[in-house]
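Residue numbers begin at 1 in each chain, while the letters A, B, ... track the order of the sequences. This one's a predicted model, so the numbers in the text were calculated from it and none came from an experiment.
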Amino acid sequence: MPWLRVADALKAPVGTQVTVKGWLRTRRDSKADGGLSFLSVHDGTCFDAIQAVAKAALPNYSEIARLTTHCAVEVDGTISPTPKGGNEIQATAVRIVGLVDDPDHYPIQPKQHSFEYLREVAHLRVRTNTFGAVARVRHCLAMAVHRFFDARGFYYVHTPIITGSDCEGAGHMFRVSTLDLVNPPRPGAAPGPSVGGAPPAPGAVDFSRDFFGKETHLTVSGQLNVETYCCALSRVYTFGPTFRAENSNTSRHLSEFWMIEPEVAFADLASNAALAEAMLKELFDAVLTQRPDDMAFFEQRIERGIIERLRGIIEKPFRRLPYTEAIDILLASGKPFEFPVKWGLDLQSEHERYLTEQHFKQPVVLTNYPKQIKAFYMRQDDDAPTGPNVPPGSRTVAAMDVLVPGIGEIIGGSQREERPDRLDARIEEMKLPIKEYWWYRDLRRYGTVPHAGFGLGFERLVQFVTGMQNIRDVIPFPRAPGQCEF
RNA sequence: UCCCCGAUAGCUCAAUGGUAGAGCGAGCGGCUGUUAACCGCUAGGUUCUAGGUUCGAGUCCUAGUCGGGGAGCCA
């Protein structure tokens, strides 16, 4: 008999002889027709399980009648309609492949479990409805990302995970080292082979003897590297893991997460924002059309209205809003914010939430932030901002944040500073180690072009699409401070 | 990292400083084309960890670990 995925067996014509292989969700027994068991079998190929009907006449029925949740089985049988509509399998054979040992203590039971509990059994939680659905939606989004960029002539660039520059500028980094932590080499200590690099300061650890001959870390962003490929291939993107050693304990932060970073040559901030908007809309559309089964589940059990919200976002243009105007709106709102609203200060969560959830009720692209609160590589705007709330002498940069209701910042990006003198001036101003940026600055010396890009937090995207509240529940094995089991 | 809250059976939760309980799940039986099934019986506990107060601590105190909500850092 042909082995069908459960997704295909559910659509197969009545009368088809099939084999399905998978795991039991539940078993229910009946004494009707001389005794039968209903086995709900799923294999992860779609949200639904298929019901197999096993009659007492089967030679191994006494074993079948003892099957419990997540026992592995192979079922041969004939596709038939159920009395209530839909397909089921009239089993001619049920082969028991793997039993569940000690079902009383098996961590996953046919009942609602809290997400906090399931996180402690992350190796098994993917067998549940919710985490199976999250896994499929996550895959669907990842594939849609690649399709979106491929269709527009972007090249997928594998930027390095290990970085030798500690100047990527986005928070604390994880050290990568093969040195002996207990007794690291120091100058003046027992001599050993030096791999290379500058002589260390007295008393400091001698990283010239480390694996790469210098200090190395896990990357906090592929952007600086991908800019080099952008300045040769025109349209590129990275999609890979990113590491932040920050002590963040929130439902929106991970120590290890995946980020999508496109970079486009001969592009300005406006086209950057347009790309971000087109991408998000296409991703939402992909999930709605390709995973209606899983999205129906999220709609029903995780967040009411999520499907309509995504549809609404696809249909309406995003709101564009310069930072200066956002300040005007916040000041005019009369809301008693906990943190001050003042031109030059960064917006707090409560301010962003007011804009997306109350004032506009839709995604908002905030642009042209004060230069003092943004990164060194962002392009300095030629025009000075004007308005009643702008202090004299203020300057902005071509930065953008895409804010969405519920999550907040989902994308951060900018047009990059392509003018060598202006870039150097910013590096000096911010007292960054200019020597470390030698190859990044070379891009401005040799055939510089305006270019722009952004970073999309993949897990935040999955969160937004599914309505899952905690980011630790949209990545298979979350890494967070104090959390690296599995 | 900061503020607030929490941790008791496999899971979700009760228990005035004085004998540790229920529902679900599991095992056994009954009933039923069942599908959050239903009914009965049974088993199931180092009350997060380490100290302390007390005649006596699940309960009070201290510290830690982990989890939740909010904030910061950001994606």
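- A:R353 comes within 4.0 angstrom of sugar-phosphate atoms only, judged by non-hydrogen atoms across all strands, and of no base.
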Heteroatom pairs (N/O) under 3.5 angstrom, protein to nucleotides 42-47 of chain B:
none

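- The residue A:T242 sits apart from the nucleic acid: no heavy atom pair falls under 4.0 Å.
- Look at A:Q348 and you'll find a side-chain N or O under 4.0 angstrom from OP1 or OP2 of B:rG72.
- The side chain to side chain contact (heavy atoms under 4.5 Å, CB included) with A:L24 is formed by just one residue from the set A:V41, A:I96, A:V100, A:T69; it is A:V41.
- Put simply, the side chain of A:R119 and the base of B:rC66 share no donor and acceptor less than 3.5 Å apart.
- Judged by distance alone, the side chains of A:Y369 and A:S414 never bring a donor and an acceptor atom under 3.5 Å apart.
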Table of protein N/O atoms under 3.5 Å from nucleotides 4-6 of chain B N/O atoms:
none

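- At the heavy-atom level, A:E88 lies under 4.0 Å from base atoms of the strands shown.
- If you check B:rC38 for Watson-Crick or wobble pairing at under 3.5 angstrom, you find it paired to B:rG30.
- With hydrogens and angles disregarded, a donor-acceptor distance shorter than 3.5 Å links the side chain of A:N87 to the backbone of A:L10.
- Rounded to a whole Å, the NE2 atom of A:H351 is 12 Å from the C1' atom of B:rA71.
- Note on A:R66: only backbone sugar-phosphate atoms sit closer than 4.0 angstrom, heavy atoms only; bases stay farther off.
- B:rG10 has no base stacking with the ring of A:Y106 when judged by centroids under 5.5 angstrom apart and an interplanar angle below 30°.
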